[in-house]
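So you know, we letter chains A, B, ... as the sequences are listed, proteins then strands, and number each from 1.
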Amino acid sequence: MTELAKAYEPKAVEAKWLEIWNNGGYFHAEVDETRKPYCLTIPPPNVTGELHLGHGLQHSIHDTLIRWKRMSGFNTLCVPGTDHASISTTIKVRDSLRARGIDPAAIGREKFLEHAWAWKEEYGGKIINQLKALGCSYDWRRERFTMDAGYSRAVTTSFVRLYQEGYIYRGKRVVNWCVTDRTTLSDLEVEHADETSSLWHLRYPLSDGSGSVVVATTRPETMLGDTAVAVNSRDPRWNGLIGKTVRLPLMDRDIPVIADDILVDPEFGTGVVKVTPAHDPNDFQSGMRNNLPQVVVIGLDGHMTEEAGPYAGLDRFEARERIVKDLEALGLLADVQDYTHSVGHCARCQTIIEPLPLDQWWCREKDLALRTLNVIREGEVQYFPDRFAGMTEQWIENLRDWNISRQLWWGHRIPAWFCQDCGEVTVQMEAPDGCPKCGGAVKQDADTLDTWFSSALWPMAVLGWPDDTPDLKYFYPTNLMITARDILYLWIARMVSMSEHYRDQIPYNDVYVHATIQATDGRRMSKSLGTGVDPLEMIEKYGTDATRLGLLFMAAKGQDVRFNESRMQESRNFANKLWNATRFVLMNVDDGFTHPAFDGGFDPLRIEGLNSGDAWIISRLAATTEAVAASLDAYNFDDAGRALYEFVWNEFCDWYVEMAKPRLQGEEKATAQAVLVGVLEHTLRLLHPFMPFLTEELYEAIRNAAPACAAKTPVIVAPYPQYNPAWRNVDAETQMTEAFGVVDALRSVRAALNVPPGHPITAHIVPRDTTGDRLKDAAWIIRRLARAEVTFNAERPEKAWPAGAPAADVFVPVEGLLDVSAASAKANKDLAAVEKDLARTRGKLGNEAFVGKAPEAVIEKEREIERELAGKQASLNERLALLNSLA
RNA sequence: GGGCGGAUAGCUCAGUUGGGAGAGCAUCUCUCUUACAAAGAGAAGGUCACAGGUUCGAACCCUGUUUCGCCCACCA
């Protein structure tokens with residue numbers, strides 16, 4: 001016999017198996033045409049990041065799936081990697097430079113990039129190491145980075161091709177500018193938040209002195225750049241003013257009153273709108289329509305420009321205050337109203353966005369996404385849960401051109417060269433020798449690409465695109481993308497567009513959107529809010545397996561969940577339970593144990609002398625195997641984990657192991673041993689994808705103790721159990737359910753009557769079915785587990801406590817072991833509850849409408865309930881009568 | 001302003017086609033019964049947010065309300 005330690009101690013076990021797995025090369029996959037591939041690519045974490053609980057959950061899901069697929073015989077590949085995260089990393093590097101007294105803007109591009117790469121080397125590996133520690137069985141030999149040479153070539157290729165095809169163009173319009181990060185942002189990188197502010201009403205006098213108009217604005221400082229005032233031509237109040245001019249206060253400039261029915265809603269405010277083409281996207285459009293000049297009064301630094309006259313140099317918000325004050329002094333502030341409106345902020349640094357007119361590169365994203373719309377509608381790419389498909393469709397339908405250029409150094413530099421002489425733009429893979437048009441000197445665009453432009457290529461590029469590599473042919477399309485909800489549009493939809501465009505293929509069949517884990521108080525989990533929980537802390541406390549399973553338990557599909565540490569405890573306790581169950585089994589088999597049923601593949605049905613308890617646990621094992629596969633197929637990881645948890649704890653440990661104990665001492669020893677070992681071995685393989693370290697360690701213990709009863713390999717590459725319907729045994733399941741019901745009833749009697757464990761009780765069992773064979777056959781179980789003497793004498797004993805079980809009437813003689821007062825209170829309470837249920841059921845059965853219209857099966861079920869309740873009622877009345885007679 | 005999701009036991013959450021309301025943790029009572037006290041046995045605990053409707057029957061379907069969260073949105 002082999003003896004394990006008394007409790008599961010994860011630390012040493014985890015270190016040990018990480019090394020064995022790694023040295024064994026189990027994570028690596030190569031093209032193999034003889035096998036079916038299963039491939040996924042992870043969402044590459046930012047090199048600025050650290051593991052948080054969201055990652056913990058996401059990668060628990062990834063690894064559970066790929067371990068399952070690997071054991072199931074697929075040639076399984078999971079490609080890991082990291083993302084350069086242009087803006088985030090830039091901010092981090094700038095901050096770290098400033099902290100060291102270095103001005104990041106002053107050191108120049110090359111120096112800055114050196115620092116950024118150093119940063120990447122230092123921190124980029126951190127999260128990868130954390131993923132490794134989590135046990136993720138990804139192909140680390142294929143680890144990629146979005147700025148490695150091959151990936152960069154893919155990005156450049158993509159840009160050049162889209163430009164040549166007309167999907168990318170350069171243009172000037174009002175874009176989102178972050179004055180802190182000093183770059184433009186796409187619309188998706190702007191977060192809107194309601195802010196309470198004011199709606200200032202400004203009075204602009206007509207130039208001819210014939211009166212004035214009042215305009216409303218949330219941004220008074222932009223009035224310095226007004227180049228018109230607009231009204232709706234159908235608004236009778238104001239259409240007489242069209243063509244006149246007003247005198248722009250503070251600037252003393254005459255600007256025209258124009259008609260713009262698109263811009264002006266007569267119902268809103270005063271019906272007169274100030275038009276600032278340089279600082280508002282709508283006004284910019286109006287300016288284009290009406291040939292208005294742009295006056296830029298706010299600069300890239302967020303301060304007022306020379307065009308702002310006396311306000312030049314002021315911060316934009318300081319200018320706002322001064323201008324309001326000055327207008328008020330001039331009597332031109334007509335009104336100030338409290339006003340709540342939505343204000344755009346930089347998603348990275350929360351600075352208020354400044355709309356500015358700038359030359360940028362644009363991508364006609366909607367045109368590219370049309371095919372995405374189709375493959376999602378057709379279900380070619382399937383979302384789990386599917387409501388996210390509909391949301392994505394809506395997003396695509398409302399797409400506008402995507403600004404893909406960033407004024408940052410860290411990223412993929414745009415492959416565009418401007419002629420210094422004639423202005424010609426050349427877009428190609430390599431720098432041209434000179435301007436192809438005039439031969440003049442060229443200079444490369446200083447800007448880089450939006451990170452999401454590069455990550456949109458991820459699953460293709462990590463498998464070799466733009467080359468049509470064997471990897472791509474074999475592993476692509478990938479099977480699945482697992483993602484958090486927040487990047488469904490930024491990333492998931494765009495990958496589909498790019499893949500459809502370049503390869504006429506979807507990038508993945510399924511998109512699984514996992515739960516978002518919130519803090520215990522329901523707030524977003526974030527380090528800055530102080531609501532973050534470090535998964536490493538959980539791993540330290542409960543072990544990696546428990547952390548993984550605990551996270552899976554919490555994460556119902558697509559549903560947000562609050563973090564709940566008790567799930568970790570639950571899983572930790574479960575790990576220990578399984579550990580001890582294995583310990584028990586191994587303590588009860590001799591080293592070198594073997595059994596003919598293991599020859600040439602385990603078949604429990606070949607074990608001689610199986611009793612109904614054996615048949616039952618084998619049947620339940622099969623049912624669990626089926627349930628786990630079905631749940632995993634549907635990405636219901638919580639259900640799959642729960643099915644295994646319940647099988648191991650509530651069926652195997654609570655009942656089967658207890659039933660096996662007496663048999664291990666007698667003639668049935670070999671049978672019980674074979675079933676124990678076989679079921680355990682099977683269970684460890686089933687559970688491995690969920691709890692990889694624990695199951696490896698326990699499996700190894702079995703392999704050492706009973707080599708003939710286990711696979712020769714670590715579990716990671718052992719075959720995953722397949723459902724075998726022949727193992728099911730409905731009769732045995734029925735029989736055990738009945739026997740367990742009697743045991744439960746007897747245990748309740750013990751508790752209700754305060755019978756001490758050592759004190760014997762006798763159970764007179766009167767089965768409800770005619771023969772009672774099933775219960776008679778299971779008498780030994782009742783005897784053992786209820787610690788009761790059992791008789792099937794139909795004669796009703798005197799002074800017996802009726803303990804009704806679903807399959808039998810059970811009577812326990814109570815001489816000398818009755819606590820009358822407690823029992824009587826309890827019986828009265830139970831009786832009231834039963835009678836309430838009974839009244840409800842009888843009401844139903846007495847209702848003609850119910851009996852007439854409900855399906856026969858439902859009615860029969862109801863009658864059964866009635867019989868059962870009536871039996872309980874009779875039992876309880878008997879109990880009370882008995883108690884009265886004894887009182 | 002649109003769209004989506006949630007509201008079930010003290011807490012965190014399950015509840016597959018409408019048919020006697022579940023789990024884990026926490027609580028209470030017993031037990032160190034030779035795998036496990038990170039355990040075993042027993043128990044208590046819920047007008048399934050609210051109001052209508054459909055149905056023989058609603059946690060589940062429909063309508064409305066309240067409330068929390070998320071996403072999208074260029075209305076001054």
Counting side-chain heavy atoms from C-beta on, which of rC74(B), rG20(B), rC36(B) comes nearest to K577(A)? rC36(B)
Separation of rC72(B) atom P from N398(A) atom CG, nearest Å, is 12 Å
Report the nucleotide, chosen from rC72(B), rA23(B), rA35(B), that has the shortest atom-to-atom distance to any side-chain atom of R567(A). rA23(B)
N573(A) has a side chain; which of rA38(B), rA76(B), rA35(B) sits nearest to it? rA38(B)
Using the C1' atom as the reference point in each nucleotide, state the distance between rG46(B) and rA7(B) in Å, no decimals. 14 Å
Within the 4.0 Å heavy-atom criterion, would you say D187(A) contacts the bases, only the backbone, or no part of the nucleic acid? nothing
Among rC36(B), rG40(B), rU33(B), the nucleotide that comes nearest once only the side chain of W649(A) is considered: rG40(B)
Distance in angstrom units between L680(A) CG and rC36(B) C1', rounded: 14 Å
Base, sugar-phosphate or nothing for Y489(A)? Non-hydrogen atoms, less than 4.0 Å. sugar-phosphate
Closest to the R840(A) side chain: rG19(B), rC72(B), rG20(B)? rG20(B)
Whichever of Q569(A) and R562(A) has its nearest RNA chain B nucleotide further upstream toward 5': R562(A)
Quantified in whole Å, what is the C1' atom distance between nucleotide rC48(B) and nucleotide rA21(B)? 8 Å
Counting only side-chain heavy atoms from C-beta out, which of rG24(B), rA38(B), rC36(B) sits nearest to Y645(A)? rG24(B)
Is M391(A) close to Y383(A) at the side-chain level, that is, under 4.5 Å between some pair of heavy atoms? no
Report which part of the nucleic acid D654(A) touches: base, sugar-phosphate, or nothing (heavy-atom distance under 4.0 Å, all strands). sugar-phosphate
Tell me the closest heavy-atom pair linking I782(A) and A739(A), and the distance in Å. CG1-O, 4.1 Å
Using a 4.0 Å heavy-atom cut-off across all strands, classify R642(A) as base, sugar-phosphate, or nothing. sugar-phosphate
Taking atom CD as the centre, does E397(A) end up with more than 12 heavy-atom neighbours from other residues, nucleotides or ligands that are less than 6.0 angstrom away? yes
rG20(B) and rC60(B): how far apart are their C1' atoms, nearest whole angstrom? 16 Å
How is R863(A) classified with respect to the nucleic acid when contacts are heavy atoms under 4.0 Å: base, sugar-phosphate, or nothing? nothing
Which nucleotide in rC75(B), rA39(B), rA23(B) has an atom nearest any side-chain atom of D265(A): rC75(B)
Find the distance K541(A):NZ to rA38(B):P and express it as a whole number of Å. 15 Å
Could you tell me whether T841(A) contacts a base, only the sugar-phosphate backbone, or nothing, with contacts defined as non-hydrogen atoms closer than 4.0 Å? nothing
Need one value for L263(A): base, sugar-phosphate or nothing, where a base atom within 4.0 Å counts as base even if backbone is also close, heavy atoms only. base
Please determine, for the side chain of E868(A), which listed nucleotide (rG20(B), rA38(B), rC36(B)) has the closest atom? rG20(B)
Please report the distance, rounded to the nearest Å, between CG in L552(A) and C1' in rC13(B). 15 Å
Using a heavy-atom cut-off of 4.0 Å across all strands, would you classify E393(A) as base, sugar-phosphate, or nothing? nothing
Between rC13(B) and rA49(B), how far is it from one P atom to the other, in whole Å? 15 Å
Expressed as a whole number of Å, how far does the C1' atom of rA73(B) sit from that of rG52(B)? 34 Å
Round to the nearest Å and state the distance from N847(A) atom CG to rU55(B) atom P. 14 Å
With the side chain counted from C-beta on, respond yes when L578(A) and Y645(A) share a heavy-atom pair under 4.5 Å apart, and no when they do not. no
Hey, are the side chains of V675(A) and Y656(A) touching, using non-hydrogen atoms and a 4.5 Å cut-off? yes
At under 4.0 Å, does any side-chain N or O of K661(A) touch on OP1 or OP2 of rA35(B)? yes
Need one value for L4(A): base, sugar-phosphate or nothing, where a base atom within 4.0 Å counts as base even if backbone is also close, heavy atoms only. nothing
Take atom C1' in rG5(B) and the same atom in rG10(B), then report the distance between them in whole Å. 25 Å
NA contact type, P355(A), heavy-atom cut-off 4.0 Å: base, sugar-phosphate, or nothing? nothing
Check whether W395(A) forms a cation-pi arrangement with R485(A) (NZ or CZ under 6.0 Å from the six-membered ring centre, at most 45° off the ring normal). no
Where is the tightest heavy-atom contact between E658(A) and R784(A), given as atom of each residue plus distance? O-NE, 3.9 Å
Exceeds 12 heavy-atom contacts within 6.0 angstrom, atom CG of D338(A): no
For rA38(B), does the base pair up with any side-chain atom of R572(A) as donor and acceptor (N or O, under 3.5 Å, distance only)? yes
May I ask you to check if K577(A) and F652(A) form a cation-pi contact, with NZ or CZ under 6.0 angstrom from the six-membered ring centre and within 45° of the axis? no
Name the residue closer to the 5' end of RNA chain B, choosing between V215(A) and V190(A) according to the nucleotide with the nearest heavy atom. V190(A)
Using a heavy-atom cut-off of under 4.0 Å over every strand shown, decide if V561(A) touches base, sugar-phosphate, or nothing. sugar-phosphate
With a cut-off of under 6.0 Å to the ring centre and 45° to the axis, is R548(A) in cation-pi contact with F690(A)? no
Below 4.5 Å, heavy atoms only, C-beta onward: do L57(A) and L53(A) meet side chain to side chain? no
Over all strands shown, is L746(A) touching base, sugar-phosphate only, or nothing at heavy-atom distances under 4.0 angstrom? nothing
Specify the closest pair of heavy atoms between L292(A) and P277(A), including all atoms of both residues, with the distance to one decimal. CB-CG, 4.1 Å
Rounded to the nearest angstrom, tell me the gap between atom OH in Y204(A) and atom C1' in rA76(B). 11 Å
Taking any heavy-atom pair under 4.0 Å as a contact, classify Y339(A): base, sugar-phosphate, or nothing. sugar-phosphate
So what does K274(A) hit on the nucleic acid, given a heavy-atom distance under 4.0 Å: a base, only sugar-phosphate, or nothing? nothing
Both distances under 3.5 Å, Watson-Crick or G-U wobble: on that basis, could you give the dot-bracket string for RNA chain B, with [ ] for crossing pairs and | for other-strand partners? (((((((..((((.....[..)))).(((((.......))))).....(((((..]....))))))))))))....
Can you tell me how far C1' in rG69(B) sits from the matching atom in rC32(B), rounded to whole Å? 48 Å
What integer number of Å spans the P atoms of rC74(B) and rA51(B)? 40 Å
Tell me the interatomic distance from R867(A), atom CZ, to rG20(B), atom P, rounded to whole angstroms. 16 Å
So which nucleotide from rG69(B), rG5(B), rC25(B) ends up closest to the side chain of Q518(A)? rG69(B)
Check every atom of rA38(B), rA41(B), rA43(B) against the side chain of S748(A) and return the nucleotide holding the closest atom. rA43(B)
Whole-Å distance separating the CG atom of N176(A) from the P atom of rC72(B): 13 Å
